[in-house]
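Beneath this line is the structure, given in structure tokens, with notes to follow.
Indexing begins at 1, ligand by ligand and atom by atom, following the structure's order. Since we're looking at a predicted model, the values are computed, not measured.
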Amino acid sequence: MTQQETNTASGLFLTFEGIDGSGKSTQCKRLAASLRAAGHDVILTREPGGSPGAEEIRRMVLEGNPDRWSAETEILLFTAARRDHLERTILPALEAGKVVICDRFADSTRMYQGMSRGDLRATVDQLHALMIGREPDLTMLIDMDPAVGLSRAKGRQGTEERFEDFGIGLQEKMRAGFLTLAKEFAGRFRVIDGVQDIDTVAADILRHATDALAIEAGSDQP
Ligand code: ADP
Ligand code: TYD
């Protein structure tokens, strides 16, 4: 898969980013339902995961003793999962003209692996350029005070506690990092106020997605 091949896709690739508990999975589902109701062919997927092989890697990175991976190995694992997901799920759907909604993507690796255990952002970016070479068309950053996100996330049950357990300090750093990233990739990022109620957040997101789909449809005209 060359860089050129990854850019021939004609659907819309939309990702959600933000700290744990910010409402990404809730809003991914809401957007998928709204776009399907409007007649779009939508694939809803997530990272790490989204293909059988990548889901296996998800279990390796999110369950068990996290200290068994160095920061560098973790970057390789998340990138390996992403490559499989891209090859087997994302690109085939985009080539078929579908809307792909993905709960987290490479921006999460830029933040969590790039910032949480030393400054490894350059390593993340190099591996991304070599093995992924594709950015989303549009990224919804659901922004909020981490105290709100953490209290919402802690309300959930599950075995995937690893990153949520990093606590408020790291989540503050991630929030600031995501807002900086939104400026770095200003063309594709939309910052959404995630403290609002679910319906208001969903309406903001739908407006941005509808705008992007209208531009996409316009660019398909001869
Ligand atoms: P994420 O996928 O970002 O971790 P979730 O979508 O799982 O976040 O949401 C975390 C929790 O907060 C869930 O219990 C969800 O029902 C709740 N929640 C999501 N959005 C809102 C909102 N706007 N207001 C109040 N609660 C919310
Ligand atoms: P996710 O299931 O989206 O968690 P949440 O719903 O709590 O936001 O993601 C699981 C964890 O994986 C999350 O804490 C962030 C982490 N993660 C990384 O560290 N790097 C990555 O590249 C991705 C995609 C996720």
Side-chain angles (χ1 to χ4, degrees), residues 15-33 44-51 54-55 57-64 66 69-86 89-90 101-118 120-121 123-125 127-128 131-132 135-136 139-168 170-171 173-175 177-178 181 192-206:
T15 60
F16 280 73
E17 297 284 358
I19 57 172
D20 294 328
S22 55
K24 297 178 300 300
S25 52
T26 304
Q27 294 299 335
C28 281
K29 286 183 209 136
R30 287 287 298 256
L31 181 63
L44 180 55
T45 186
R46 68 160 182 189
E47 290 210 347
S51 61
E55 290 288 336
I57 298 173
R58 178 183 179 103
R59 288 191 286 278
M60 288 165 57
V61 286
L62 296 186
E63 294 177 23
W69 312 120
S70 73
E72 287 78 3
T73 307
E74 209 173 87
I75 295 172
L76 288 164
L77 287 169
F78 276 104
T79 308
R82 180 159 306 124
R83 172 73 193 209
D84 192 66
H85 185 207
L86 192 71
T89 305
I90 298 174
I101 299 176
C102 188
D103 191 343
R104 295 194 183 278
F105 191 66
D107 296 318
S108 283
T109 317
R110 291 183 172 110
M111 291 297 97
Y112 289 84
Q113 282 63 50
M115 283 175 56
S116 65
R117 292 201 270 171
L120 291 173
R121 171 71 195 274
T123 307
V124 172
D125 282 339
L127 206 54
H128 180 84
M131 281 294 146
I132 308 298
E135 300 295 347
T139 299
M140 309 287 182
L141 172 58
I142 307 188
D143 174 60
M144 64 167 54
D145 181 338
V148 180
L150 212 59
S151 70
R152 286 184 190 169
K154 286 283 178 203
R156 296 178 307 195
Q157 296 292 317
T159 48
E160 294 175 351
E161 295 274 310
R162 168 153 172 32
F163 292 91
E164 287 159 14
D165 280 355
F166 279 165
I168 204 85
L170 179 75
Q171 301 291 355
K173 195 173 169 186
M174 294 298 121
R175 180 197 195 182
F178 272 124
L181 209 56
I192 315 289
D193 175 8
V195 180
Q196 306 174 99
D197 64 77
I198 292 180
D199 288 346
T200 308
V201 176
D204 284 356
I205 288 169
L206 182 59

>> Applying a heavy-atom cut-off of 4.0 Å, say which part of D197 lies close to ligand 1: side chain, backbone, both or neither.
In response: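 For D197, the contact with ligand 1 is made by the backbone alone.
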> Considering only heavy atoms of T26, which atoms of ligand 1 have at least one such atom less than 4.0 Å away?
Replying inline: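 This gives 5 (P), 6 (O), 9 (O), 15 (C), 19 (C) as the contact atoms.
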>> Within ligand 1, which atoms have a heavy atom of K24 less than 4.0 Å away?
In response: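 Every atom of ligand 1 under 4.0 Å from some heavy atom of K24: 1 (P), 2 (O), 3 (O), 4 (O), 6 (O), 8 (O).
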>> Among residues at least two apart in sequence or on other chains, which ones pass ring pair (Phe, Tyr, Trp, His ring centres under 6.0 Å) with F105?
In response: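 So F105 forms a ring pair (Phe, Tyr, Trp, His ring centres under 6.0 Å) with F13.
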Return yes or no for this condition: an N or O of [X] is under 3.5 Å from an N or O of ligand 1.
X: S22; value: yes
X: G21; value: yes
X: D20; value: no

Distance under 4.0 Å to a non-hydrogen atom of [X]: what atoms of ligand 2 satisfy this?
X: L62; answer: 10 (C), 11 (C), 12 (O)
X: K24; answer: 8 (O)
X: R82; answer: 22 (O), 24 (C)
X: R58; answer: 2 (O)
X: E47; answer: 24 (C)
X: P48; answer: 23 (C), 24 (C), 25 (C)
X: T109; answer: 21 (C), 22 (O)

So does [X] pair up with [Y], basic N to acidic O under 4.0 Å?
X: R117; Y: E72; answer: no
X: K29; Y: D103; answer: no
X: R175; Y: D145; answer: no

> Taking only residues two or more places apart in sequence or in another chain, which ones pass side-chain contact (heavy atoms from CB on, under 4.5 Å) with M144?
Replying inline: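 Here the qualifying residues are I19, S22, V148, R152, V195.
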>> I'd like to know if G18 contacts ligand 1, where contact means a heavy-atom distance under 4.0 Å to any ligand atom.
In response: no
> Looking only at heavy atoms of Q196, does any of them come nearer than 4.0 Å to an atom of ligand 1?
Replying inline: yes
> So which of R82, E17, K24 actually passes side chain to side chain donor-acceptor pair (under 3.5 Å) with S108?
Replying inline: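 Looking at R82, E17, K24, the match for S108 under the side chain to side chain donor-acceptor pair (under 3.5 Å) is E17.
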> Backbone or side chain, does any N or O of S25 fall under 3.5 Å from an N or O of ligand 2?
Replying inline: no
> Do S116 side-chain atoms and Y112 backbone N/O form a donor-acceptor pair below 3.5 Å?
Replying inline: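 It does hold such a pair.
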Calculate, to the nearest 0.5 Å, the distance between atoms [atom1] and [atom2] belonging to [X] and [Y] respectively.
X: R110; Y: T123; atom1: CZ; atom2: OG1; answer: 13.0 Å
X: I198; Y: Q27; atom1: CD1; atom2: CD; answer: 6.5 Å
X: M131; Y: R83; atom1: CE; atom2: CZ; answer: 6.0 Å
X: H85; Y: R58; atom1: NE2; atom2: CZ; answer: 11.0 Å
X: E47; Y: I90; atom1: CD; atom2: CD1; answer: 5.5 Å

> Where on Q113 is there a heavy atom closer than 4.0 Å to ligand 2, on the side chain, on the backbone, on both, or on neither?
Replying inline: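 Only the side chain of Q113 comes within reach of ligand 2.
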> Looking only at non-hydrogen atoms, which of Q171, R104, M174 approaches atom 1 (P) of ligand 2 most closely?
Replying inline: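 Result: the heavy atom closest to atom 1 (P) of ligand 2 is in R104.
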>> Judged on heavy-atom distance to atom 13 (C) of ligand 2, which of L77, D20, V124 sits nearest?
In response: D20
